[in-house]
Structure formats: C-alpha cells, structure tokens
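FYI, side chains are in, hydrogens and waters are out, and symmetry mates aren't considered; it's all heavy atoms of this structure. Protein chains get the first letters and strands the later ones, always in sequence-line order, with residue 1 at the start of each.
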Number of protein chains: 2
Amino acid sequence: MVLSKACTYGILASLYVTREANRSKGYVSIGRMSKELNISFHFLTKILQQLTSAGILSSMKGPKGGVALKRNPQEISLVDIVVAIDGMGLFTDCLLGLPGCGEEKPCPVHDEWAGIRADLFHTFRGKSLAETAKRIDELNLRFALPSESEEGGKSIRDFRNLL
Amino acid sequence: MVLSKACTYGILASLYVTREANRSKGYVSIGRMSKELNISFHFLTKILQQLTSAGILSSMKGPKGGVALKRNPQEISLVDIVVAIDGMGLFTDCLLGLPGCGEEKPCPVHDEWAGIRADLFHTFRGKSLAETAKRIDELNLRFALPSESEEGGKSIRDFRNLL
DNA sequence: TTGATTTAAGACTCTTCTATCTTAAATAGA
DNA sequence: TCTATTTAAGATAGAAGAGTCTTAAATCAA
Ligand code: SF4
Ligand code: SF4
C-alpha cells in the first residue's frame with residue numbers, strides 16, 4: 001500500500017474537520033467523526049494525537065471538546081498530513097529499497113521513479129485542506145469509508161483502462 | 001513501501017538471472033545469487049518459487065540446477081515480476097484505500113493519483129528485463145543490496161531536491 | 001463540588017509481512 | 001547404485017502494522 005491505513009484515515013479526518021470548521025465554530029468531536037467516517041474510534045484517536053503533536057491540530061478535553069485545525073486550512077497541504085503520519089519515506093525512499101539511493105549510484109529504474117516520486121510530492125503539496133474540502137462539496141466526492149452494510153461494493157480493479 | 005521487499009528482491013534476482021544468461025548457458029544457482037545480491041538464501045528461494053509458478057522462471061533441482069528465464073528476456077517486463085509477487089494492487093487500488101474507487105464516485109485525489117498510478121504501470125510495463133539488464137552494464141548501475149560491511153551508507157533522504 | 005463527557009496514553013491483541021529452519025524430492029556424477 | 005548437491009514445500013519465529021481496550025487526566029455544566 002502506498003499510504004498506510006493510519007495516513008489514509010488521517011487525511012479523511014483532516015478533511016472532515018476542515019468541512020466542519022466551515023459550518024460551526026468550536027471543536028469537532030472525535031466520537032462523532034469516527035461514526036460518520038466509519039473509522040474505529042480508538043484508532044482514529046491515536047492518529048489524531050499524532051496530528052496534534054505535529055502541530056496540525058489542536059485538541060480539547062471534556063464536554064464540547066474535540067479537535068480543531070490549528071492553522072488556516074489554506075496553509076495546510078495534504079503533504080503535511082502524510083509526513084506527520086507516514087514520514088517522508090514515500091517521497092525520498094528508493095523504489096527498490098536500496099540503501100544509498102541517489103544520483104551517484106542509481107538503480108536501473110531511478111530516473112522514472114524519481115520523476116513519479118516528485119509528481120506524488122507535488123500533487124500532495126499542491127492540495128490544501130481548504131481547496132480539497134471545497135472540491136468535495138462542489139463535486140460531491142466521497143471521503144468516508146463504506147459502512148458495514150455497503151461493504152459489498154469492493155474495489156473496482158479494472159486492469160484494462162491502464163493499457 | 002511501494003513495492004514489498006519480496007517484490008524488490010524478485011526484480012533484482014530477475015535482472016541477475018538475465019545478465020547471467022548472457023554470459024553462460026544453463027541454470028543460475030540460487031545459492032550463488034543470494035550471496036552476490038546479499039539476500040537471504042531461503043527467502044530468495046521462496047520468491048523465486050513464486051516467479052517459477054507464475055511461469056516467468058523455470059527451475060531444475062540437483063547439481064548444476066538453479067533457475068533460468070522461461071521466456072525471452074525482451075518479452076518479460078518489470079510489471080510481470082511485480083504482478084507475480086505483489087499483484088495488481090499497486091496499479092489498481094485507491095490511494096486512499098476506499099473500496100468502490102472509480103470514476104462514478106471518486107475521492108478528492110482521484111484524478112492525480114489515477115495519472116500517477118498509470119505512469120507507474122507504464123514505466124514498469126515499458127521496461128523489459130533485457131534492456132534493463134543492458135542498461136545496468138552500460139551505465140554501471142547498482143542492483144544488489146549493500147553487504148553487511150557497507151551498511152553504513154544508509155539512504156540519502158534529501159528533502160530539498162523535491163521542492 | 002460532583003459527575004458526566006471527552007481526549008491522552010499506554011498496554012494489549014490480531015494480522016500480515018519478513019525471514020529462518022527443517023525435511024523432502026529431484027538430479028548429476030562418480 | 002550411491003552420494004553430494006540443489007530446489008520445493010511447509011513449519012516456525014520475529015517484526016511491523018492495524019486495531020482494541022483500559023485507565024488517567026482535563027473540562028464543562030449542574
Ligand atoms: S530508482 Fe533511484 S531512488 Fe529508486 S531505488 Fe533506484 S537509485 Fe534509489
Ligand atoms: S483517487 Fe481514485 S483511485 Fe484513489 S482512492 Fe480516490 S477514487 Fe480511489
């Protein structure tokens with residue numbers, strides 16, 4: 001998997017918080033978020049703690065507590081979330097996992113992977129929480145996991161449109 | 001990690017076999033290969049078994065036994081190795097891991113990821129074992145893991161050249 | 001102040017990936 | 001045929017990721 005589950009959930013949760021912030025002031029309840037996104041409450045809590053200690057979210061305990069964006073959602077990019085949870089590895093590691101990766105002694109797929117890797121980085125870096133959340137509303141995109149009942153859907157794995 | 005360790009090793013081993021095939025006829029010893037690539041013998045054996053049952057390699061037991069390419073190395077692409085070991089997931093799965101991924105109900109990063117995913121596929125698909133092995137010789141590229149002694153090198157993780 | 005609510009933190013379980021070890025089967029060569 | 005060599009196959013173990021559970025600490029409201 002390219003992104004860890006934790007990272008995926010972190011992105012979805014960040015977008016959720018961004019949208020809620022547009023609707024009402026105050027902190028967003030993790031319990032409510034976990035229900036709406038179909039993510040395990042305790043697992044989600046752990047992930048959000050990472051984002052909190054990374055300075056992306058702030059949190060508050062007690063009734064009316066929860067998490068909130070610490071900075072302006074236009075200034076937070078998806079790469080911030082990814083790095084906070086999965087680290088920079090995706091954007092810096094060798095595709096073949098060879099230590100000492102680099103221009104001096106590249107492996108056979110270096111040039112191509114370096115380009116794709118940079119694409120990935122720039123894609124995530126160019127997407128702020130604010131505009132991504134906005135696009136969700138405009139285009140009615142999905143960003144929650146499927147509920148137990150609609151699990152039947154499975155992934156569409158269409159090999160042909162890649163050719 | 002984008003590719004599993006097993007898949008990485010499978011690619012390196014395939015390239016090794018391809019190069020050996022240019023030098024001498026017959027089967028390539030897994031024991032010798034594991035030493036030169038610095039990959040655990042038993043683990044490598046298991047991976048090569050996958051490639052054998054996938055029809056990419058043929059194998060022979062006993063003295064002078066080993067593995068050999070079953071088809072012409074110009075007709076085997078890196079995507080064949082990846083798919084045989086890691087499956088098609090990398091080229092078909094959602095980046096966010098949402099089931100039901102697709103055009104009908106895409107997630108917020110669909111368009112970008114679909115493009116990058118396709119790039120990855122075409123890159124691997126466009127690289128045959130033959131030409132990749134050739135490029136290794138021409139450009140003196142690396143394709144083995146570092147030995148225990150040169151482990152010091154570590155990965156170069158230069159954040160800046162991505163910006 | 002008291003109690004209900006909510007996040008924080010850490011221990012714990014479960015699964016998957018990585019790697020190792022043992023035994024069996026096949027082959028070449030003496 | 002007999003023996004050494006080499007891959008095949010399955011059991012086992014270790015590490016990391018994913019997910020759960022319990023207890024503690026902070027906060028609000030009555
Ligand atoms: S392609 Fe470049 S970055 Fe990837 S493993 Fe090879 S040397 Fe490293
Ligand atoms: S970007 Fe497309 S492929 Fe990736 S998770 Fe979203 S819908 Fe699925």
*Begin with the C-alpha distance, continue with both residues' side-chain angles, and end with the deciding distance and a verdict on salt bridge (Lys or Arg N to Asp or Glu O under 4.0 Å) for A/Glu20 and A/Arg23.*
CA-CA 5 Å; A/Glu20 289 301 307; A/Arg23 299 218 176 85; 3.2 Å; yes

_Worked verdict on B/Phe124 versus B/Leu3 for side-chain contact (heavy atoms from CB on, under 4.5 Å)_ = CA-CA 12 Å; B/Phe124 280 117; B/Leu3 299 181; 4.2 Å; yes

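Each of A/Leu145 and A/Met1 belongs to its own hydrophobic cluster when Ile, Leu, Val, Met, Phe, Trp and Tyr are linked at side-chain heavy-atom distances under 4.5 angstrom.
Atom CD of B/Gln49 and atom P of C/dT18 are 17 Å apart (whole Å). The distance between atom CZ of A/Phe41 and atom C1' of C/dA8, rounded to the nearest whole Å, is 10 Å. D/dA18 atom P lies 14 Å from atom CG of A/Leu44, rounded to whole Å. In this entry the distance linking CG of B/Leu48 with C1' of D/dT6 reads 13 Å, nearest Å. At whole-Å resolution of the value, CD1 in A/Ile85 and P in D/dG17 are 13 Å apart. Rounded to whole Å, the distance from CG on B/Leu51 to P on D/dA9 is 14 Å. Between A/Ile47 atom CD1 and D/dG17 atom P there is a gap of 13 Å when expressed in whole angstrom units. As rounded to whole Å, 11 Å separates atom P of C/dT18 from atom CG of B/Leu3.
Contact record, B/Ile81 with B/Ser14: CD1-OG, 3.3 Å, taken as the closest heavy-atom pair. Considering every non-hydrogen atom in both A/Ser77 and A/Arg125, the closest pair reads CB-O, 3.4 Å.
A/Lys127 is listed as a side-chain neighbour of A/Arg135, based on a closest heavy-atom distance under 4.5 Å.
Checked against C/dG10, D/dT7, D/dT27, the side chain of A/Lys46 finds its nearest nucleotide in C/dG10. Proximity note for A/Ala6 (side chain, C-beta onward) versus D/dA18, D/dT6, C/dT7: the nearest is D/dA18. Taking every side-chain heavy atom of B/Lys64 into account, C/dA28 is the closest of C/dA8, C/dA28, C/dT20. Each of C/dA19, D/dA8, C/dA28 was ranked by its minimum atom distance to the side chain of B/Lys5; first place goes to C/dA19. Closest to the side chain of A/Lys61, from the set D/dA25, D/dC28, C/dT27, is D/dA25. When distances run from any side-chain atom of B/Ser4 to the nucleotides C/dA9, D/dA8, C/dT18, the shortest one goes to C/dT18. Of all nucleotides listed (D/dG19, D/dT7, D/dA29), D/dT7 comes nearest to the side chain of B/Ile30.
For the OP1/OP2 pair of C/dA19 and a distance below 4.0 Å, the side-chain nitrogens and oxygens of B/Tyr9 include at least one atom meeting the criterion. One finds a side-chain N or O of A/Ser40 lying less than 4.0 angstrom from the OP1 or OP2 phosphate oxygen of D/dT20. Between A/Thr45 and C/dT7 there is no side-chain polar atom (N or O) within less than 4.0 angstrom of OP1 or OP2. Considering only side-chain N and O atoms, A/Ser59 lies under 4.0 angstrom from the phosphate OP1 or OP2 of C/dA8.
Between B/Met60 and B/Asp86, it is B/Asp86 whose nearest contact on DNA chain C lies nearer the 5' terminus. Where A/Met1 and A/His42 meet DNA chain D, the nucleotide closest to each residue was compared, and A/Met1 sits on the side nearer the 5' end.
No contact: B/Tyr27 has no heavy atom under 4.0 Å from any strand.
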